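For reference, the structure is listed below as structure tokens.
Predicted model, so just to flag it, every value in this text is computed and none were measured. Quick note: residue numbers are just sequence positions, from 1.
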Amino acid sequence: MDTALTRTQLVRWRAAIFTIFFVTGLGFASWASRLPAVKDDLGINDLQLGVLLFVSGAASIVGLSLANVIVARWGARRGMLVTIITFGAGGLVAGLGVQFLHSYAVVCIAMVLMGIGMSATDVMMNVEAAAVEQSFEKTLMPLFHAFFSLGTVAGAGIGIAMAALDVGVAWHLWGAAALVLIAGLFSLTAVPTREIVHDDPTTTTSRRERFAELLSVWRDPRTYAIGAIMLGMAFAEGSANDWLTIAMVDGHGESQTTGAIALTVFSVAMTVFRILGGPLVDRLGRVWTLRLLSVAAGVGLIMFILAPSLPIAFIGIALWGAGASLGFPLGMSAAADDPKKAAASVSAAATIGYLAFLCGPPVLGWISHQIGILGTLWIIVGLIAMSGLASGAAKPIAGSKVGVGHH
């Protein structure tokens, strides 16, 4: 355990990062849950709504790229101060643009702020989570990601209530933004100020040399192998979020209600395994956990595709959700093993994972238009297999105190 900090300081630090994961998930889901109202208030069609989401996605990629530069220059604590404010400001501007100005352009600006703020915060909170994990010397990353999942569930639940009560989008988003800002900024007071990149003050490196070091992770084969783990599991998770309900209705001929229940089963299985994942990794090790879960996800998805009955389909969905649960957080853990490269490596790995989340749904949609949704899901089975085969890359590097397992 990190001897530079007291036990109380470590516990406060861990709680602070749990809180930031939770409110980031809540803020994201608050916006997503009100998209039908946003569409109505702005008087836009599906294509224009798609453009808004694309702007947010493109801004997210920019935020990912900026995050490692921010951490290297100012550290994660000061960096998150700026990015949480940016994310919260995006929510405030979105509410204003949707309900009061009815301005598509203003909402586009809000999407840029939210996209950059969300994704940059995402990288930095994962860097901090990895540092907390190393300090406690046990696997905690899945639990951090469980808090993000719980935040999205809470945000979606509040969104359903706000829509049912006919509360205006602005009041809802402003309330969510206030919660993100107050809870997020208060949490940062418990985050220790420390030099993430461990720069030696006696050496004078130019800005160009520092950027070269940041870019060097893209020349490291381990970055791409970890990216392959995260790519496969990001597709496994993202395809369920975007296409599971449609696969249930159009592929298996079930009702829309059954489709919604299916997505709930998937989300619950994923969240439960993220809560339970840490002790499992500490027992089996990172590599074997990823291998076993990739088998579970692959078998579960195959069961769902071929399901002769509804109970078999639901068992498959539960296995699919459980199997996909730890790929992303353990990939983040593996990327952050070397503290000197943590920010750059997490940013690179997150970029690969985010590209899967952003590009996956439209690509799958185009393919499913040609061959049907159940046929398309076989592609995900192949990507899950790729993720499982790449799992060896997540082996902790020398000196890492987590993810090794008990032998």
Side-chain angles (χ1 to χ4, degrees), residues 16 19-44 48-64 66-67 70 74 76-125 147-148 151-189 191:
T19 303
I20 291 170
F21 268 83
F22 181 84
V23 296
T24 308
L26 186 144
F28 167 76
S30 296
W31 162 256
S33 68
R34 298 309 299 272
L35 285 177
V38 168
K39 185 181 168 187
D40 289 344
D41 285 359
L42 291 177
I44 57 176
Q48 290 168 305
L49 184 61
V51 170
L52 273 184
L53 299 178
F54 175 79
V55 167
S56 175
S60 295
I61 299 297
V62 174
L64 291 172
L66 287 174
I70 293 169
W74 293 294
R77 177 179 171 170
R78 280 191 288 176
M80 280 195 286
L81 179 68
V82 174
T83 59
I84 288 171
I85 289 172
T86 303
F87 181 44
L92 296 173
V93 174
L96 185 67
V98 171
Q99 189 170 333
F100 294 104
L101 300 179
H102 302 289
S103 168
Y104 186 74
V106 169
V107 178
C108 278
I109 293 168
M111 290 301 93
V112 171
L113 292 170
M114 288 179 73
I116 290 174
M118 168 89 184
S119 61
T121 301
D122 197 318
V123 171
M124 285 183 262
M125 69 190 189
F147 269 82
F148 182 87
T152 61
V153 170
I158 293 168
I160 292 167
M162 295 293 103
L165 296 170
D166 205 24
V167 174
V169 171
W171 305 113
H172 175 198
L173 292 184
W174 290 350
L179 184 60
V180 169
L181 288 168
I182 293 167
L185 297 180
F186 177 75
S187 295
L188 287 180
T189 62
V191 175

Fill in: Leu52 side chain near Ile44 side chain, heavy-atom distance below 4.5 Å
yes
Worksheet entry | Side-chain touch Met118/Ser56, heavy atoms, less than 4.5 angstrom | no
Worksheet entry | Straight-line distance of Asp122 CG to Ser60 OG, nearest 0.5 Å | 9.0 Å
Practice prompt. Check Leu64 against Ser119 and note the closest heavy-atom contact, atom names and distance.
Written response: N-OG, 3.5 Å
Worksheet item: When you look at CZ of Phe186, are more than 12 heavy atoms from neighbouring residues, nucleotides or ligands closer to it than 6.0 Å?
Response: no
Worksheet item: To the nearest 0.5 Å, how far apart are CE in Met114 and CZ in Phe28?
Response: 8.5 Å
Response to the item:
When every non-hydrogen atom of Ala16 is compared with those of Ser187, the smallest separation belongs to CB-O, 3.2 Å
Worksheet entry | Gap separating the CD1 atom of Ile182 from the CD1 atom of Ile84, nearest 0.5 angstrom | 12.5 Å
Discussion item. Looking at every heavy atom in both Leu42 and Tyr104, which two are closest together, and how far apart are they?
Written reply: CD2-N, 4.2 Å
Worksheet entry | Working for side-chain contact (heavy atoms from CB on, under 4.5 Å), residues Val82 and Ile70 | CA-CA 10 Å; Val82 174; Ile70 293 169; over 6 Å; no
Item to complete: Flag the pair Met125 / Phe148 as yes when at least one side-chain heavy-atom distance between them is below 4.5 Å, and no otherwise.
Response: yes
Discussion item. Measuring from atom CZ of Arg78 to atom CG of Leu188, what distance do you get when rounded to the nearest 0.5 angstrom?
Written reply: 12.5 Å
Fill in: Taking every non-hydrogen atom, the tightest pair across Trp174 and Gly95
NE1-CA, 3.8 Å
Worksheet entry | Atom pair OG1 (Thr83) and CD1 (Ile20), whose distance is rounded to the nearest 0.5 Å | 8.5 Å
Worksheet item: Taking all non-hydrogen atoms of both residues, which atom of Val180 and which atom of Gly27 are closest, and how far apart?
Response: CG2-CA, 4.0 Å
Practice prompt. Measure across Val191 and Arg77 and return the closest heavy-atom pair with its distance rounded to 0.1 Å.
Written response: O-NH1, 2.9 Å
Item to complete: Please tell me if the side chains of Phe87 and Ile116 come closer than 4.5 Å, counting only heavy atoms from C-beta onward.
Response: no
Worksheet item: Should the pair Phe147 and Phe22 be assigned to parallel (<30°), tilted (30 to 60°) or perpendicular (>60°) ring geometry?
Response: perpendicular
